[in-house]
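Please find one structure pasted underneath; my questions will follow.
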Amino acid sequence: MDKSDKNKSRKFDVPFEEIKRQREYVNLAKTVLETRFGLIEPLAYVHTFGCQGNVADSERMKGWLAQMGYGFTEEIEQADFVLYNTCAVREHAHDRVFGNVGALKPIKEKKPHMIIALCGCMMQQEHVWQKIKKSYPFVNLVFGTHAQHRLPELMYKALCGGKRVFEVENSDGFIAEGVPVRRDGSFKGWLPIMYGCNNFCSYCVVPYVRGRERSRTPEAVIAEANELIASGCRDITLLGQNVNSYNRDSGEMNFAELLKQINNIDGDFKIRFMTSHPKDCTFELLDTMARCEKVSRHLHLPFQSGNNRVLKEMNRGYTREKYLSLIEYARKVMPDISLTSDIIVGFPGETYEEFCDTLSLIKEVEFTSLYTFIYSPREGTKAASMPDPVSREEKGKWFRELTSAQEQIAAKRSQKMLGQTYRVLCEEHSGGMLSGRTDGNVMIDFPGDESRIGEFVNVKVTACRNWTLSGEIAD
Ligand code: 5AD
Ligand code: SF4
């Protein structure tokens, strides 16, 4: 690729002029807040449901809000602006959003100038925003994932009053660079490298609400990584629905190469990434992980089901055997690697015998931890129209069988950690105890001073109760 090609914008890149226009709206919104509402120091309450991708999006929306002069509060009653960034992946998150929004009605009655906004994945679903339009008249502003970078304009319109604002058009999606970011933490940073998904796993709503797969340029990602490290960040997580297909369309720098480049940045920090898709996970990537000393020895590789017929129905694009061969290779090149995964129990038509293949796979691999979900039908997905004869109660039994098997595996793994020393990033402090995660993403509690938060320390594991580990600083 020659230099002039590199400067060309791609069809999904938001033009710089658009971001400039949004900055003008920042000033306009600020003026309305001050002159019409008399709010010199308005407060925003922002709550994020769902995955780290949503957390990263919220950090960008908070960046815009901070520029508009908003401070942030954890108390809804104090807020002049409430924003819920929603998740559509499972019914549970969906129901929680509606519960939370309903609870805002009496609060807003006491504070009529409060602006209530809903955004994120759920708002990209027509049946959801139609319901909000019809049954939740106190919600002022609704926008989907594709309009997030235009928050200042949408806020300005909502603040000017009159009509409710709905910006929910469907799209293949955009990439907006130059949006301000207000990060939630100083030593842990989320770094989106790509957006959207093209995989259309038959159970999953993400491709419908997040648009097509598109990658940020390596220049943009590396610049943000540099910025994070310069500001003291010690733990960077690269984010995407399927990081292994980074830049697949452009043929530019692939994910393994991107990891190497970030690994080459000077500084004492760790690199994590999620999520990897087994169909695109390559031996090259595993070799690269093994060679990059800053890349954590942790691989989150969701397998969803251990049965080949179910995997095919899920449209996952790999078999149990291919998955196990990746695990075998990962362990060959990184014997100490920690493995985690996502699993769906009770996919439509799954039998108990097929579920037992999932059970046998977790026993074979011995994951460090698992994120297990009972299948939740999502409107508009292929699986939602498949016959689903097994009762919720029965699926609940399978689910408990799976989680109790994993508890035993985790307890055994924790026992093996006893007496060993791990380098841990101190993340939280409460009641005289620090807690932090090892390279393999295992939490350890240990006595220590709050001032050490954000530092790496060596911790010797001295006790283990079930899967909870505690230890002491060994420096
Ligand atoms: N039902 C249950 N779990 C789901 N996931 C995605 N869609 C569904 C669904 N419809 C789970 C998958 C995915 C994780 C983020 O959420 O395991 O990896
Ligand atoms: Fe959903 Fe599959 Fe895309 Fe992951 S890879 S977001 S499970 S469609």
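Ligands are counted one by one from 1 in listed order, and the atoms in each one are counted from 1 as well. No hydrogens, no waters, no symmetry mates; every other heavy atom, side chains included, goes into these values. In this text the structure is predicted, and so the values were computed from the model without any measurement.
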Does any N or O in the side chain of T86 come within less than 3.5 Å of the main-chain N or O of C119, such that one atom is a donor and the other an acceptor?
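Yes; judged by distance alone, with no hydrogens or angles, the pair exists.
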Looking only at protein heavy atoms, which one is nearest to atom 14 (C) of ligand 1, and how far off is it?
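That would be D342 OD2, 3.4 Å.
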Looking at atom 3 (Fe) of ligand 2, is one of the N, O or S atoms of C197 less than 2.8 Å from it?
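For C197, the answer is yes, given that an N, O or S atom comes within less than 2.8 Å of atom 3 (Fe) of ligand 2.
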Looking only at protein heavy atoms, which one is nearest to atom 5 (N) of ligand 1, and what is the separation?
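The protein heavy atom lying closest is R90 NH1, 3.6 Å.
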Testing K322, R248, R316 one by one against D280 for a salt bridge (charged side-chain N to carboxylate O under 4.0 Å, His left out), which residue passes?
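In the set K322, R248, R316, the residue that makes a salt bridge (charged side-chain N to carboxylate O under 4.0 Å, His left out) with D280 is R248.
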Does the plane of the ring in Y323 sit parallel, tilted or perpendicular to the ring in Y318? Use 30° and 60° as the thresholds.
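Judged by the thresholds at 30° and 60°, the geometry between Y323 and Y318 is tilted.
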Regarding D172 and R214, does a basic nitrogen lie under 4.0 Å from an acidic carboxylate oxygen?
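Judged by the 4.0 Å cut-off on N to carboxylate O distance, D172 and R214 do not form a salt bridge.
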For Y84 and T48, run side chain to side chain contact (heavy atoms under 4.5 Å, CB included): C-alpha distance rounded to whole Å, both residues' side-chain angles, the deciding distance at 0.1 Å, then the answer.
CA-CA 6 Å; Y84 282 132; T48 309; over 6 Å; no
How far is atom 5 (S) of ligand 2 from its nearest protein heavy atom, and which residue and atom is that?
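Ranked first by proximity to atom 5 (S) of ligand 2 is N199 ND2, 3.5 Å.
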Can you list the atoms of ligand 1 that are under 4.0 Å from a heavy atom of R378?
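Heavy-atom distances to R378 below 4.0 Å select 10 (N).
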What protein heavy atom lies closest to atom 12 (C) of ligand 1? Include the residue and the distance to one decimal.
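Residue, atom and distance for the closest contact: Q304 OE1, 3.4 Å.
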So, applying side chain to side chain donor-acceptor pair (under 3.5 Å) with D357, which one of T351, N308, N307 is it?
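Among T351, N308, N307, the one meeting side chain to side chain donor-acceptor pair (under 3.5 Å) with D357 is N307.
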Name the orientation class of the two ring planes belonging to F49 and H47 (parallel below 30°, tilted from 30 to 60°, perpendicular beyond 60°).
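Perpendicular.
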What's the shortest distance from atom 7 (S) of ligand 2 to any protein heavy atom, and which residue and atom give it?
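Among all protein heavy atoms, the one nearest atom 7 (S) of ligand 2 is Y203 OH, 3.4 Å.
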At under 4.0 Å between heavy atoms, which part of P207 makes contact with ligand 2: side chain, backbone, both or neither?
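P207 to ligand 2: side-chain contact only, backbone stays beyond 4.0 Å.
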Any chance the rings of F456 and F187 have centres within less than 6.0 Å?
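Centroid distance F456-F187: not below 6.0 Å, so no.
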Under 3.5 Å, is there a donor-acceptor pair between the H300 and S341 side chains?
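Result is no, nothing qualifies.
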Could you tell me the residue and atom name of the protein heavy atom closest to atom 7 (N) of ligand 1, and the distance to it rounded to 0.1 Å?
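Closest protein heavy atom to atom 7 (N) of ligand 1: Y203 CD1, 3.3 Å.
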What's the shortest distance from atom 4 (C) of ligand 1 to any protein heavy atom, and which residue and atom give it?
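Sorting protein heavy atoms by distance from atom 4 (C) of ligand 1 puts I344 CD1, 3.6 Å first.
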Which residue and non-hydrogen atom of the protein lie closest to atom 8 (S) of ligand 2, and at what distance in Å?
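For this ligand atom, the closest protein heavy atom is C201 N, 3.4 Å.
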Below 4.0 Å from ligand 1: does a non-hydrogen atom of I374 turn up there or not?
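Heavy atoms of I374 do come under 4.0 Å of ligand 1.
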By number and element, which atoms of ligand 1 are closer than 4.0 Å to a non-hydrogen atom of Y375?
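In order of number, 1 (N), 2 (C).
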Show which atoms of ligand 2 fall inside a sub-4.0 Å distance from at least one heavy-atom site of H277.
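Counting atoms of ligand 2 from 1, those under 4.0 Å from H277 are 5 (S).
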Among all protein heavy atoms, pick out the one at the shortest distance from atom 6 (S) of ligand 2; state its residue, atom name and that distance to 0.1 Å.
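Closest protein heavy atom to atom 6 (S) of ligand 2: Q241 OE1, 3.4 Å.
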Verdict with supporting geometry, N140 and V165, side chain to side chain contact (heavy atoms under 4.5 Å, CB included):
CA-CA 6 Å; N140 309 82; V165 180; over 6 Å; no
Report yes if S376 has an N/O atom closer than 3.5 Å to an N/O atom of ligand 1; otherwise report no.
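Checking ligand 1 against S376, an N or O pair does fall under 3.5 Å apart.
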Should you measure from each heavy atom of V89, which atoms of ligand 1 turn up under 4.0 Å away?
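It comes down to these atoms of ligand 1: 5 (N), 6 (C), 7 (N), 8 (C), 9 (C), 10 (N), 16 (O).
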Stepwise side chain to side chain contact (heavy atoms under 4.5 Å, CB included) check, F446 with C426:
CA-CA 10 Å; F446 47 95; C426 303; 3.9 Å; yes
For ligand 2, which part of R316 has a heavy atom less than 4.0 Å away: the side chain, the backbone, both, or neither?
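Only the side chain of R316 comes within reach of ligand 2.
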Nearest protein heavy-atom contact for atom 1 (Fe) of ligand 2: which residue, which atom, what distance?
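For this ligand atom, the closest protein heavy atom is C204 SG, 2.3 Å.
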Within reach of ligand 1, part of F373 (heavy-atom separation under 4.0 Å)
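The answer is the side chain of F373.
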Centroid-centroid distance, F255 to F273, less than 6.0 Å:
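Yes - the distance between ring centres of F255 and F273 falls below the 6.0 Å cut-off.
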